[in-house]
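In what follows, a structure is listed as structure tokens, so that the remarks can point back to it.
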Amino acid sequence: MTDTTAAIEVEDIRKSYGDLRAVDGVSFSVAEGEFFGILGPNGAGKTTTLEIIEGLREPDSGHVRLLGENPFPRNPGLLPRIGVQLQASAFFEKLTAREQLETFAALYGVDGERAREMLDLVGLAEKADTREEKLSGGQRQRLSIACALVHDPDILFLDEPTAALDPQARRNLWDVLRAIQERGKTIVYTTHYLDEAEILCDRVAIMDHGRVLALDPPASLIRGLDAPTRVSLERGTLGIDDARVLAGADDAHEDEQSLTITTRTPAPLLSALAERGTLDGLQVRTATLEDVFLSLTGREYRA
Amino acid sequence: MTAFKSLSRAMAKGYYRDKATLFFAFVFPLMFLVIFGLLFRDGGDEMIKLGVVGDGPVVVALENTGAVEIVRPGLDEGLKQVREGDLPGLVEVDGDSVELHYAASDQARAGLVQGLVSGVTQHVNVQATGQPPAFAYSAAQVEDSSLKPIQYLTPGILSWGIAITAVFGASLSLVSWRRKQVLRRLRLAPVTVGTVLSARIVVTIAVAALQALLFVAVALLPVFGLRLSGTWWLAIPVFLSGILAFFAIGMLVGAFCKTEEAASGAANIVVLPMAFLSGTFFPVDVAPGWVQAVSLAFPLRHMNDGMLAFLVRGQGAEALLLPCGVLLAFTVVVSAIAAKVFTWEDS
């Protein structure tokens, strides 16, 4: 990644509120077309970082280049090129989904045709004439993303788009986000769902206490952990002592439901289990970003 | 569509789709207009009835004064009515004699009737002599400071209704847009503050114009009997300056308050006392001196005065200066404070 193709460059930005160092020396860059995730628990400094990049807040120190320009103070030339999805209720009162989109489109001098296209993209075409306040949380969230996209920006910022959604709505939204990325947009998004970031993002920055602890593709981060794979079976299919001596098994332990074997070489262990015909209720669990967070901070991840 | 047009349209739709706002802008002030208009309908201008028996130049002259309503109940029935207090007086004309029967129970009306009948009779007498009168008497109507209730209620309630629209509209929009991050979204879009503000002001003016049409139309109904003066159109500059002044107050309230509930309470605290002390429901010149003095500090008082001057008193353009000047000065000062206090975001 060279400087010329970077959509966003953040260099050692800091922002304090009184004694609280909300952002404490954050640096990263995001390439054009990349799906970039900023992860961390609440209060990690994700939102403040995003707001500084968007040009809504001035950093105490450090520099931001957004599409090669300084976003602060309000840079009107930059505004049509970025789309910011805000909280799900950031709409005009009493307007239908279509009217919301048309109003936002007009702010950018975009016609109403584009508004209808966006409703299709986020799967709200049949809700076009429904008032915003009558939409479900997930629908409102998708409308909010459509509003951020209506002027066809190059970069899309999403702040916790999937927070407070039920699992089905979250998965629907993932499809929307993937479709947006396929259109060649750069997406920067914050979330506290690590599992989600693992699935969606090209690269993630894990933040805690205003600092970036790790910055890499999710798979690299997990591989870098060198964490054991855990293979679980239904309890009773295999004795714990037999399990410990299986090929490739490092250790084994049991709880009320299952027998779990840890291994760093899952292939021989799985074939050994297959040979014995003891695959009942088999589950293979590799490390996740939560394990990465645990190893980085020494504490359990709590969203 | 331009950003300005689209924003205005969005705000207008948000406005007329909100039943509660419509109620407080249109129905609520109208209720006051109707109730007070009906309660005070007969106040002040009831014509005195006068019974007449017989005919002659005196009766014709009495009719021509326009000050009395002539009834002809017949002598016996008329006398009975006078005795019972239903008629203040009965004029019995028989050839050259004019006799007035009156009831002394209502001294004021008795005096009025006596003065009137004797004055008219003397006048006819002088005319009958064919001589020019020794003293010339003429009457000229002066500007009437005591108005029929509907004449001060209409401009008063109209100004009050417009104040409600502008103060509540501006403050609640601002607070709810800040809280819901609509302001942030506007800030992230390539529109200017001027575009957003002017769209909101245009919507407020449109709503206020509808209020004015509705209230005046209702007051003009024969039941209420409003009479507009010839210079009513000079009220338009007062109307516009008033909207600006109250819009600015609304922005100030909105800049201070964090929640819609707080804004609505604060707007009430601003508008209600002003309405009571500024002559919305009664003419301010019958209020005690200190109320009149205090009311001069309120923009609503000046808007009331201005609306009254042109809608019903028929004053000339020179009377624009004071109310418009005060209202615009209010607008400038209050807007400046609001701009200082304003924040795009909470916290």
Side-chain angles (χ1 to χ4, degrees), chain A residues 17-18 22 47-48 50-51 53-57 66 71-96 98-112 115 131-134 140 144 147-148 150-151 153 155-157 159, chain B residues 1-23 25 168-200 203-204 207 254 259-260 263-264 343-347:
Chain A
Y17 297 107
T47 299
T48 308
L50 213 55
E51 287 172 350
I53 300 171
E54 293 160 356
L56 288 169
R57 293 183 197 280
L66 181 57
F72 192 94
R74 193 171 181 261
N75 183 339
L78 216 42
L79 297 176
R81 302 183 64 193
I82 64 169
V84 179
Q85 178 258 335
L86 301 173
Q87 63 189 29
S89 63
F91 296 112
F92 292 106
E93 296 89 352
K94 313 267 174 203
L95 296 193
T96 65
R98 188 208 313 275
E99 290 166 341
Q100 301 282 359
L101 273 168
E102 285 171 350
T103 306
F104 285 115
L107 297 183
Y108 294 88
V110 174
D111 66 27
R131 297 253 189 103
E132 165 268 312
E133 68 268 21
K134 302 237 162 66
R140 215 175 288 144
S144 162
C147 288
V150 76
H151 56 292
I155 305 183
L156 181 63
F157 293 96
D159 194 5
Chain B
M1 200 166 18
T2 66
F4 172 77
K5 262 172 69 184
S6 139
L7 276 173
S8 309
R9 221 173 60 158
M11 293 171 194
K13 281 181 181 168
Y15 193 92
Y16 73 68
R17 286 177 187 171
D18 188 343
K19 305 268 182 318
T21 333
L22 285 184
F23 175 83
F168 280 80
S171 61
L172 290 178
S173 286
L174 183 54
V175 170
S176 113
W177 286 8
R178 190 194 299 113
R179 209 177 47 79
K180 287 165 56 180
Q181 293 196 351
V182 175
L183 281 187
R184 172 183 279 207
R185 175 160 264 157
L186 291 172
R187 198 173 159 207
L188 284 164
V191 284
T192 62
V193 176
T195 306
V196 180
L197 265 184
S198 49
R200 191 67 188 83
V203 172
T204 307
V207 174
T259 64
E260 283 95 333
S264 161
T343 54
W344 285 93
E345 317 249 341
D346 284 330
S347 85

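Order of the sequence lines sets the chain letters (A, B, ...), proteins ahead of strands, with each chain counted from 1. All values below were derived from every heavy atom in this structure, side-chain atoms included, with hydrogens, water molecules and symmetry-related copies excluded.
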Answer with side chain, backbone, both or neither: which region of A/Phe104 has an atom nearer than 4.5 Å to a non-hydrogen atom of chain B?
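For A/Phe104, side-chain heavy atoms alone lie under 4.5 Å from chain B.
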Below 4.5 Å from any heavy atom of chain A, which atoms of B/Leu183 appear? Answer side chain, backbone, both or neither.
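No part of it gets close to chain A.
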Under the criterion side-chain contact (heavy atoms from CB on, under 4.5 Å), which of B/Leu188, B/Val196, B/Thr195, B/Val191 is the partner of A/Leu107?
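When B/Leu188, B/Val196, B/Thr195, B/Val191 are each tested with A/Leu107, the side-chain contact (heavy atoms from CB on, under 4.5 Å) holds only for B/Val191.
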Do any N or O atoms from the side chain of B/Lys13 and from the backbone of A/Lys94 form a donor-acceptor pair under 3.5 angstrom?
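No; zero donor-acceptor contacts below 3.5 Å.
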Taking atom CD of A/Glu51 and atom CZ of B/Arg184, what is their separation to the nearest 0.5 Å?
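Between A/Glu51 CD and B/Arg184 CZ, I get 4.0 Å after rounding to 0.5 Å.
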Working to the nearest 0.5 angstrom, can you tell me the gap between A/Phe91 CZ and B/Lys180 NZ?
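Between A/Phe91 CZ and B/Lys180 NZ, I get 9.0 Å after rounding to 0.5 Å.
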Could you pull out the closest heavy-atom pair between [X] and [Y], with the gap in Å?
X	Y	answer
A/Leu95	B/Arg17	CA-NH1, 3.7 Å
A/Pro76	B/Pro190	O-CB, 4.5 Å
A/Ser144	B/Arg185	O-NH2, 3.6 Å
B/Gln181	A/Leu86	OE1-CB, 3.3 Å

Would you say the side chain of B/Trp177 lies within less than 4.5 Å of the side chain of A/Glu93, judging by non-hydrogen atoms?
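SC-SC contact between A/Glu93 and B/Trp177 confirmed.
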